[in-house]
Enquirer: 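Okay, here's the structure, questions in a sec.
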Amino acid sequence: MNDAAPAPTPAPAPRRARVRAPELIGKGGWINTGGKDLKLADFRGRTLILDFWTFCCINCLHVLDELRELEEKHRDTLVIVGVHSPKFVHEAEHAAVVDAVERYGVHHPVLDDPELATWKQYAVRAWPTLVVIDPEGYVVAQHAGEGHAHAIARLVAELEAEHEAKGTLRRGDGPYVAPEPVAGELRFPGKALVLPDSGNLLVSDSTRHQLVEFAPDGETVLRRIGSGERGFGADTFNEPQGLALLPDGRVVVADTVNHALRVLDPATGAVETVAGTGRQWWQGSPTSGPALEVDLSSPWDVAWWQDKVWIAMAGVHQLWTWDPAAGTVQVAAGTTNEGLVDGPAAEAWFAQPSGLAAAGDRLWVADSETSALRWVDADGAVHTAVGSGLFDFGHRDGEAGQALLQHPLGVTALPDGSVAVCDTYNHALRRYDPATGQVSTLATDLREPSDAVLVGEEIVVVESARHRLTRLRLPDEAVRVQDVAHRTQRAATDIAPGTLRLDVVFRAPNGQKLDDRYGPSTRLLVSSTPPELLAGGEGTGTDLFRDLVLADGITEGVLHVSAMAASCDDDPANEYPACHVHQQDWGVPVRITPGGAGRLPLVLAGMDD
């Protein structure tokens with residue numbers, strides 16, 4: 001007989017309150033559904049992932065690629081819906097969203113939400129954001145930023161098993177309807193160059209994952225290089241973009257979604273990989289070393305300058321270099337923080353650099369997310385010619401300090417020392433003259449120009465959204481256009497005047513702990529636009545909380561917050577624990593008003609969150 005008291009019954013784990021998912025609404029309507037409008041009820045019985053994205057955002061494009069495998073694996077129980085939530089004015093045009101869905105191979109329904117109605121309903125604050133909704137229509141997870149694919153994959157598998165057991169899972173074909181394929185020699189081409197021996201034009205046919213060689217007329221196709229399928233083999237590319245000539249006549253290709261540099265021998269058509277592993281670079285990964293052993297992140301353009309290939313590393317807001325002689329890569333400029341900060345290379349900030357052009361002692365940079373034209377001098381210092389930050393853009397000519405661009409992707413050095421800028425979202429070709437400090441417009445009505453090359457006295461523009469090359473004679477006088485200025489339209493957070501408590505909430509993933517063996521494991525960097533918004537609290541620190549002092553007399557602005565935390569496996573028996581760096585950048589529009597919030601919480605998600 002056992003006289004011991006029975007063990008107490010464990011109390012059930014507390015359950016979070018279930019939140020019913022708000023309806024999906026968007027003035028632009030639905031894409032990839034065969035013309036059908038969808039409601040949340042149409043997804044009942046399936047796990048639903050809402051991907052809040054905008055097509056200018058490189059992190060959003062990374063998430064599209066992260067989700068492809070998950071989407072295919074659970075095709076009969078999972079539906080992904082893109083909710084397109086624009087930053088730039090051009091991105092609110094329905095036709096541009098339709099183009100972007102095809103351009104980036106989005107194979108799921110997309111809700112075009114130009115007025116950010118669904119964004120506001122789900123209290124989204126950053127691009128990209130993923131929201132997971134269970135088969136019964138309840139929100140079960142929300143993740144800001146990229147790098148959450150593994151955690152979401154586990155959650156999707158758990159939801160599938162749970163709801164199959166409950167009888168609330170519905171299998172079958174999803175609502176995606178593929179658009180009709182379109183014929184043509186090019187489909188959303190990216191960059192171009194002139195092959196010196198023949199005068200032929202080589203173009204990256206990005207959406208078809210190929211390179212296309214044209215005769216000098218820019219119309220006659222001579223050959224295609226690449227199978228046309230996504231891949232990372234000897235005859236495959238994955239959304240290639242930038243092209244640059246090496247001194248030996250070979251061509252460097254920025255194989256963007258493969259996170260690699262490839263080299264083409266035009267004489268033979270042979271392609272080899274010279275830099276990158278095929279994996280995306282993450283915080284904590286090496287930033288220099290043997291080129292084939294270091295991860296890269298969405299290289300968008302390349303240029304030969306100072307005896308190296310310079311790389312516009314759009315995915316991490318930096319410039320890198322590849323040294324063919326040494327076989328190495330390394331960071332050349334930028335901190336990975338997104339923004340517009342000039343100065344020494346190691347302290348400068350970029351925002352998705354996407355176009356490069358070498359011109360003597362300057363390397364010109366199209367810094368797309370700041371709508372800026374910038375340059376690097378021979379000593380490595382970074383300067384800004386046109387542009388003021390992440391949230392100001394438009395079409396304004398005149399003195400460079402007041403001129404405005406809108407998400408430029410290409411830059412071309414001109415013979416007179418000036419530069420032509422493919423002002424992509426303004427559908428224009430612009431010119432900046434360093435001698436006069438003036439910006440002018442050379443041509444308009446160019447649908448999303450992404451690059452341009454000189455051919456004699458003419459300039460050939462890659463009209464990406466018209467799927468063609470367009471030849472222009474450089475005019476003697478600029479075309480005059482009406483000045484237009486914009487600020488990014490996003491729902492502002494109302495905050496109270498005085499002191500604002502900023503809290504970055506971080507929980508290490510299961511089985512890990514903060515890693516402080518080599519110093520502080522967290523970092524917080526805060527700045528603002530305009531800089532005068534903050535009377536105190538800006539700068540870098542090691543705590544994930546801070547009291548920000550708001551200046552008197554300023555009623556609105558943007559808080560720029562960058563947070564980092566390092567965590568390692570929490571197993572004392574493991575001599576070499578695996579470690580991870582978690583980082584997120586936010587641009588939070590704020591409005592200072594009595595009765596606003598005194599605390600601003602931002603969630604830095606661990607990999608298992």
Enquirer: Flag the pair Trp281 / His259 as yes when their ring centroid distance falls below 6.0 Å, and as no otherwise.
Expert: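 Ring-ring flag for Trp281/His259: false, centres at least 6.0 Å apart.
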Enquirer: Is there a side-chain contact between Leu50 and Tyr122 (heavy atoms, below 4.5 Å)?
Expert: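 Leu50 reaches Tyr122 side chain to side chain.
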Enquirer: Can you confirm whether the side chains of Asn337 and Ser562 place a donor and an acceptor under 3.5 Å from each other?
Expert: yes
Enquirer: So, does Asn59 use its side chain to make a donor-acceptor pair with the main chain of Trp127 at under 3.5 Å?
Expert: no
Enquirer: Do we see a donor-acceptor contact under 3.5 Å between the side chains of Ser528 and His560?
Expert: no
Enquirer: Any donor-acceptor pair under 3.5 Å linking the side-chain atoms of His90 with those of Gln406?
Expert: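 Side chains of Gln406 and His90: no pair found under 3.5 Å.
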Enquirer: Using side-chain contact (heavy atoms from CB on, under 4.5 Å) as the criterion, point out the one residue from Leu64, Asp65, Val63, Leu61 that pairs with Glu146.
Expert: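 So the option named by the test is Val63.
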Enquirer: How long is the straight-line distance from CG of Asp423 back to CD of Glu448, given to the nearest 0.5 Å?
Expert: 11.5 Å
Enquirer: Would Asp113 and Lys120 pass as an ion pair if we require N to O under 4.0 Å?
Expert: no
Enquirer: Determine whether a donor-acceptor pair (N or O, by modelled atom type, separation under 3.5 Å) exists between the side chain of Asp451 and the backbone of Gly190.
Expert: no
Enquirer: Strictly by modelled atom types, are Ser464 and Arg103 linked by a side-chain donor-acceptor pair under 3.5 Å?
Expert: yes
Enquirer: Could you pull out the closest heavy-atom pair between Gly231 and Asn258, with the gap in Å?
Expert: O-ND2, 2.8 Å
Enquirer: Among Arg171, His163, Glu160, exactly one meets side chain to side chain donor-acceptor pair (under 3.5 Å) together with Thr77. Which residue is that?
Expert: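 When side chain to side chain donor-acceptor pair (under 3.5 Å) is applied between Thr77 and each of Arg171, His163, Glu160, only Glu160 qualifies.
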Enquirer: Do the side-chain N and O atoms of Thr470 and Glu463 include a donor-acceptor pair separated by under 3.5 angstrom?
Expert: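 A donor-acceptor contact under 3.5 Å links the two side chains.
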Enquirer: Side chains of Glu71 and His108: is there a donor and an acceptor less than 3.5 Å apart?
Expert: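 Present: a donor and an acceptor within the cut-off.
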Enquirer: Quiz question: by atom type and distance under 3.5 Å, do the side chains of Glu136 and Thr168 form a donor-acceptor pair?
Expert: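 Checked: Glu136/Thr168 side chains show no N/O donor-acceptor pair below 3.5 Å.
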Enquirer: For this output row, return yes or no: ring centroids of Phe391 and Phe88 closer than 6.0 angstrom.
Expert: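 Phe391 vs Phe88: aromatic centres not under 6.0 Å.
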Enquirer: Side chains of His84 and Thr54: closer than 4.5 Å at any heavy-atom pair?
Expert: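 Contact flag for His84/Thr54 side chains = yes.
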Enquirer: Please examine the side chains of Ile311 and Leu356, heavy atoms only from C-beta on, and report whether any two atoms are closer than 4.5 Å.
Expert: no
Enquirer: Within 45 degrees of the ring normal and closer than 6.0 Å to the centroid, is that where the cationic atom of Arg230 sits relative to Phe237?
Expert: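 No, Arg230 does not lie over the aromatic ring of Phe237.
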Enquirer: For Val106, is there any backbone N or O sitting under 3.5 Å from a side-chain donor or acceptor partner on Asn32?
Expert: yes
Enquirer: Looking only at atom types and distance, does a side-chain atom of Ser204 sit under 3.5 Å from a main-chain N or O of Gln241, one as donor and one as acceptor?
Expert: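 Yes: the side chain of Ser204 pairs with the backbone of Gln241.
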Enquirer: Side chains of Glu66 and Gln280: donor-acceptor distance under 3.5 Å anywhere?
Expert: no
Enquirer: Would you check if there is a donor-acceptor pair between the side chains of Glu102 and Thr207 at a distance under 3.5 Å?
Expert: no
Enquirer: Just checking Glu69: does its CD atom have more than 12 heavy atoms from other residues, nucleotides or ligands closer to it than 6.0 angstrom?
Expert: no
Enquirer: Answer whether the closest heavy-atom distance between the side chains of Leu24 and Lys39 falls below 4.5 Å.
Expert: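 A side-chain contact is absent here, since even the closest heavy-atom pair is not under 4.5 Å.
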Enquirer: Any donor-acceptor pair under 3.5 Å linking the side chain of Ser368 with the backbone of Ala366?
Expert: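 Looks like no, no N/O pair under 3.5 Å.
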Enquirer: Could you tell me whether the side chain of Asp205 and the main chain of Arg187 form a donor-acceptor pair under 3.5 Å?
Expert: yes
Enquirer: Do His143 and Thr129 touch side chain to side chain, with heavy atoms closer than 4.5 Å?
Expert: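 A side-chain contact is absent here, since even the closest heavy-atom pair is not under 4.5 Å.
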Enquirer: With a cut-off of under 6.0 Å to the ring centre and 45° to the axis, is Lys87 in cation-pi contact with Phe393?
Expert: no
Enquirer: Let's go through Ser298 and His62 carefully: what are the C-alpha distance in whole Å and the side-chain angles of both, what is the deciding distance for side-chain hydrogen bond (donor to acceptor under 3.5 Å, both in side chains) to 0.1 Å, and is it a yes or a no?
Expert: CA-CA 8 Å; Ser298 297; His62 289 166; 2.6 Å; yes
Enquirer: Report yes if some heavy atom in the side chain of Pro114 is under 4.5 Å from a heavy atom in the side chain of Glu93; otherwise report no.
Expert: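 Result no, sub-4.5 Å side-chain heavy-atom pair not found.
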Enquirer: Using side-chain heavy atoms (C-beta onward) and a distance below 4.5 Å, is Pro240 in contact with Gln210?
Expert: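 Of all side-chain heavy-atom pairs linking Gln210 with Pro240, none is under 4.5 Å.
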Enquirer: Are side-chain N/O atoms of Gln121 and Trp119 paired as donor and acceptor at under 3.5 Å?
Expert: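 Checked: Gln121/Trp119 side chains show no N/O donor-acceptor pair below 3.5 Å.
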Enquirer: Please tell me whether Gln352 and His317 have a donor and an acceptor in their side chains that are separated by less than 3.5 angstrom.
Expert: no
Enquirer: Is the shortest side-chain heavy-atom distance between Val132 and Val139 below 4.5 Å?
Expert: no
Enquirer: Looking at Arg591 and Glu556, is any side-chain nitrogen of the basic one under 4.0 Å from a carboxylate oxygen of the acidic one?
Expert: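 Here Glu556 does not pair with Arg591 in a salt bridge, since their nearest N and O are not under 4.0 Å apart.
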